[in-house]
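Structure first, commentary second.
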Amino acid sequence: MAETKREIERKYESDDSGLPDLTGVAGVETVLDKGVAELDATYYDTADERLAASSITLRRRTGGSDAGWHLKVPVAPGVRDEIRAPLSDTLPDELAGLVRSRVRDTELLPVVRLRSARDVRDLLDTEGRLLAEVSVDAVHAERLTGGAGVAQWTEIEVELADGGDPDFLDKVEKRLRKAGVRPSGSASKLARALAETAPGKKRAAGSAKDPVTAGDHVLAYVRAQRDAIVELDPAVRQDVEDSVHSMRVATRRMRSTFKSYGKVLDRAVTDPIGEELKWLAGELGVDRDREVLTERLTSALDDVPGTLVSGPVAERVSIWAGDKPGGASGRLIGVLDSRRYLALLDTLDTLISDPPLLKAAGKKPGKVIAKAVKKDFGKVSALVEEAVELEPGTDRDVAIHEARKKTKRTRYAAEAAGPALGKPAKSMVKSMKSLQNLLGEHQDSVMARQTLRELSAVAHAAGESAFTYGLLYGREEQRAAAVEAGLPGFWAGIKDGAADL
């Protein structure tokens with residue numbers, strides 16, 4: 001079973017091979033010599049080094065106190081999550097799943113072997129508690145694929161103790177700098193090994209070119225959503241909070257962009273991809289929508305005085321929710337391991353590397369992108385004004401729901417337009433987000449009332465009182481009515497503010 005450890009560390013290099021005296025670091029009472037450990041690690045990646053390109057390391061290591069398989073994923077500068085699995089001859093399935101969105105069906109190969117003599121010191125406070133572990137690593141690197149280069153170097157590594165104050169690392173660094181030690185130029189041992197064992201090969205991270213044309217701006221936004229899907233995949237597999245929702249939003253953003261910017265990217269190519277994104281969003285939303293509605297019903301029930309709760313209402317809601325811990329995760333892992341999903345990722349890679357650009361894509365962004373956002377906004381305007389004119393009831397509910405969907409689309413179009421249009425686009429994003437929240441409140445009320453009718457019917461058939469369901473239904477009606485009453489004035493303010501686009 002894999003376990004995750006948050007790793008906060010800094011790496012340094014020095015012209016000397018030893019470790020400066022750290023007893024003068026503020027808060028350090030004792031520097032405890034833990035001896036030298038011999039570590040032997042083999043790093044795995046694809047032949048084209050996809051994991052390294054994402055600053056991800058996957059290794060099998062023997063020696064030391066944590067022998068086993070280690071997958072390190074960047075969180076922030078100097079911060080990584082290390083997922084550990086027990087030592088075995090082959091890559092554990094759980095870790096294989098966590099890199100699948102990047103690796104797909106490509107074989108993982110041993111790319112580098114690092115053998116290190118690690119001289120370890122523990123920094124302890126006055127009560128003997130561990131503040132940080134400092135090590136001097138004498139590293140020998142050997143490339144296993146793509147050449148036969150070797151390299152050697154010595155580095156200092158300072159890793160914060162679990163739960164420690166990150167500011168303590170600043171104190172250690174201050175002392176190291178005074179002794180002539182400098183921060184390492186490489187983010188990891190693997191990065192340095194790949195660079196120094198590949199003679200004649202320049203390894204530069206590079207960066208995407210600055211957007212110039214309309215096509216550049218749209219593709220930059222599409223690329224960001226593709227990257228979000230790939231990067232969120234491991235988090236979804238690990239049930240990280242909000243990861244499913246975030247991945248779903250990324251699929252919606254991309255699909256919406258294809259529709260909004262159909263004059264930039266050929267819809268004959270993007271529409272089939274959009275259908276696959278719709279499928280993925282649907283799979284991600286199977287449990288999410290019910291979860292959100294369950295939270296709404298539960299919260300509403302909590303606000304009802306106990307004297308007005310008649311019958312096992314909470315139990316009925318719980319049964320309807322079908323809460324099965326771990327079930328959703330298992331189902332979603334199946335989706336993320338499916339051929340259909342992996343093929344979609346491959347298709348997105350192809351789209352970005354060889355985009356189906358139309359004539360408008362080569363034009364300056366201002367006019368092309370502004371026109372697309374205005375067109376989407378016009379659709380929102382027509383739907384909102386239609387809803388305002390309708391009588392309360394099903395037709396108005398449908399119109400408001402359609403307006404909400406078009407509001408999302410306009411918001412995402414404006415997000416993509418932000419770098420090109422600046423403040424007007426940002427203002428549009430803000431306005432559409434506010435409108436989306438308002439209309440979303442109305443739609444949530446519609447769905448809640450539908451569910452309450454179903455629960456009431458089930459309770460009645462079981463001989464239970466339906467009183468509380470009716471009470472909750474009435475409160476939801478009032479919430480929806482308040483949205484409808486406030487919509488004309490709210491919309492008027494948004495419409496006036498959109499004139500600058």
Side-chain angles (χ1 to χ4, degrees), residues 2 4 50-51 53-56 71 73-76 80-81 83 94-105 218-260 270 272-295 324-352 404-405 407-409 411-413 415-416 429 433 436-437 440:
T4 301
R50 298 180 191 178
L51 298 183
S54 299
S55 299
I56 293 172
L71 174 65
V73 181
V75 176
R80 294 188 292 182
D81 277 342
I83 301 99
E94 187 171 354
L95 297 193
L98 295 179
V99 298
R100 188 158 290 130
S101 64
R102 293 175 171 85
V103 174
R104 319 284 166 76
D105 291 329
V218 173
L219 281 174
Y221 191 74
V222 170
R223 185 182 299 109
Q225 307 319 312
R226 186 281 310 270
D227 291 348
I229 293 171
V230 171
E231 290 167 8
L232 284 164
D233 179 296
V236 171
R237 293 173 184 270
Q238 293 177 292
D239 271 336
V240 175
E241 184 178 0
D242 206 43
S243 59
V244 172
H245 174 64
S246 296
M247 182 185 277
R248 189 184 186 193
V249 169
T251 66
R252 287 174 165 174
R253 281 186 166 124
M254 189 184 297
R255 182 166 175 255
S256 179
T257 301
F258 291 157
K259 292 180 178 179
S260 295
T270 62
I273 301 174
E275 287 302 307
E276 290 303 284
L277 290 168
K278 182 179 180 180
W279 160 76
L280 178 57
E283 293 292 342
L284 293 167
V286 167
D287 302 289
R288 170 68 182 176
D289 290 342
R290 180 160 291 210
E291 177 185 333
V292 170
L293 190 49
T294 299
E295 290 176 358
K324 299 177 181 179
S329 176
R331 184 189 64 78
L332 279 179
I333 287 175
V335 171
L336 300 183
D337 283 340
S338 70
R339 289 298 319 146
R340 185 173 184 179
Y341 168 72
L342 296 178
L344 171 58
L345 296 184
D346 287 340
T347 301
L348 294 178
D349 289 348
T350 300
L351 173 80
I352 291 169
R404 175 173 174 258
K405 290 193 289 185
T407 298
K408 283 185 181 180
R409 177 168 158 179
R411 174 187 170 186
Y412 299 150
E415 285 180 352
V429 171
K433 185 176 181 179
Q436 179 184 328
N437 290 339

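All of these numbers come straight from a predicted model, not from anything done at the bench. The analysis underlying the following values was restricted to heavy atoms, covering all of them including side chains, and did not include hydrogens, waters or symmetry mates.
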> What's the shortest heavy-atom distance between Asp233 and Gly97, and which atoms?
Replying inline: OD1-O, 4.0 Å
>> Can you list everything that forms a side chain to side chain donor-acceptor pair (under 3.5 Å) with Ser54? Sequence neighbours excluded, please.
In response: Arg102
> So, the side chain of Ser246 versus the backbone of Ser243: is there a donor-acceptor pair under 3.5 Å, distance only?
Replying inline: no
>> Could you check whether any side-chain heavy atom of Leu280 comes within less than 4.5 Å of a side-chain heavy atom of Val335, counting everything from C-beta outward?
In response: yes
>> With rounding to the nearest 0.5 angstrom, report the CG to CD1 distance, Leu71 to Ile83.
In response: 4.5 Å
>> Test side-chain contact (heavy atoms from CB on, under 4.5 Å) on Tyr412 and Val249; report intermediate values, then the result.
In response: CA-CA 10 Å; Tyr412 299 150; Val249 169; 4.0 Å; yes
>> Is it the case that the side chain of Arg411 and the backbone of Lys433 share a donor-acceptor pair, with hydrogens and angles ignored and the cut-off at 3.5 Å?
In response: no
> How far does CZ of Arg288 sit from CG of Asp242, to the nearest 0.5 angstrom?
Replying inline: 6.0 Å
> With sequence neighbours left out, what residues match Arg248 under salt bridge (charged side-chain N to carboxylate O under 4.0 Å, His left out)?
Replying inline: Asp289
> Does Arg104 reach the side chain of Asp346, with side-chain heavy atoms less than 4.5 Å apart?
Replying inline: yes
> For Glu295, which residues count as a side-chain contact (heavy atoms from CB on, under 4.5 Å) partner, sequence neighbours excluded?
Replying inline: Glu291
> Quick one: side-chain contact (heavy atoms from CB on, under 4.5 Å) partners of Arg226, sequence neighbours excluded?
Replying inline: Arg223, Val230, Met254, Leu348, Asp349, Ile352
>> Return the CG to CG distance between Leu332 and Asp239, rounded to the nearest 0.5 Å.
In response: 8.0 Å
>> Please determine whether side-chain contact (heavy atoms from CB on, under 4.5 Å) holds for the pair Lys408 and Ser256, giving the CA-CA distance in whole Å, both sets of side-chain angles, and the decisive distance to 0.1 Å.
In response: CA-CA 8 Å; Lys408 283 185 181 180; Ser256 179; over 6 Å; no
> How would you list, by chain and number, every residue that makes a salt bridge (charged side-chain N to carboxylate O under 4.0 Å, His left out) with Glu231, sequence neighbours excluded?
Replying inline: none
> Under 4.0 Å between a Lys/Arg side-chain N and an Asp/Glu carboxylate O for Asp337 and Arg100?
Replying inline: yes
>> Once salt bridge (charged side-chain N to carboxylate O under 4.0 Å, His left out) is applied, do any residues pair with Asp105, and if so which ones, sequence neighbours excluded?
In response: Arg339
> Can you name the side chain to side chain donor-acceptor pair (under 3.5 Å) partners of Lys405, sequence neighbours left out?
Replying inline: Glu402
> If you measure from the Lys or Arg side-chain nitrogens to the Asp or Glu carboxylate oxygens, is any gap between Arg331 and Glu283 under 4.0 Å?
Replying inline: yes
> How long is the gap from CZ on Arg409 to CZ on Arg255, to the nearest 0.5 Å?
Replying inline: 9.5 Å
>> Checking Thr257 now: which residues fulfil side-chain contact (heavy atoms from CB on, under 4.5 Å) with it, not counting sequence neighbours?
In response: Val218, Tyr221, Val222, Tyr261
>> Under the rule for side chain to side chain donor-acceptor pair (under 3.5 Å), what residues qualify as partners of Arg50, not counting sequence neighbours?
In response: Asp48, Thr106
> Residues two or more places apart in sequence or in another chain: which of them pass salt bridge (charged side-chain N to carboxylate O under 4.0 Å, His left out) with Asp227?
Replying inline: none
>> Checking Ser101 against Leu336 for the side-chain contact (heavy atoms from CB on, under 4.5 Å) test, could you report, in this order, the C-alpha distance in whole Å, the side-chain angles of both residues, the deciding distance, and whether it holds?
In response: CA-CA 8 Å; Ser101 64; Leu336 300 183; over 6 Å; no
> In chain order, what residues pass the side-chain contact (heavy atoms from CB on, under 4.5 Å) check against Asp81, with sequence neighbours excluded?
Replying inline: Thr4, Arg6, Val75
> Roughly how far apart are Thr270 OG1 and Lys259 NZ, rounded to 0.5 Å?
Replying inline: 10.0 Å
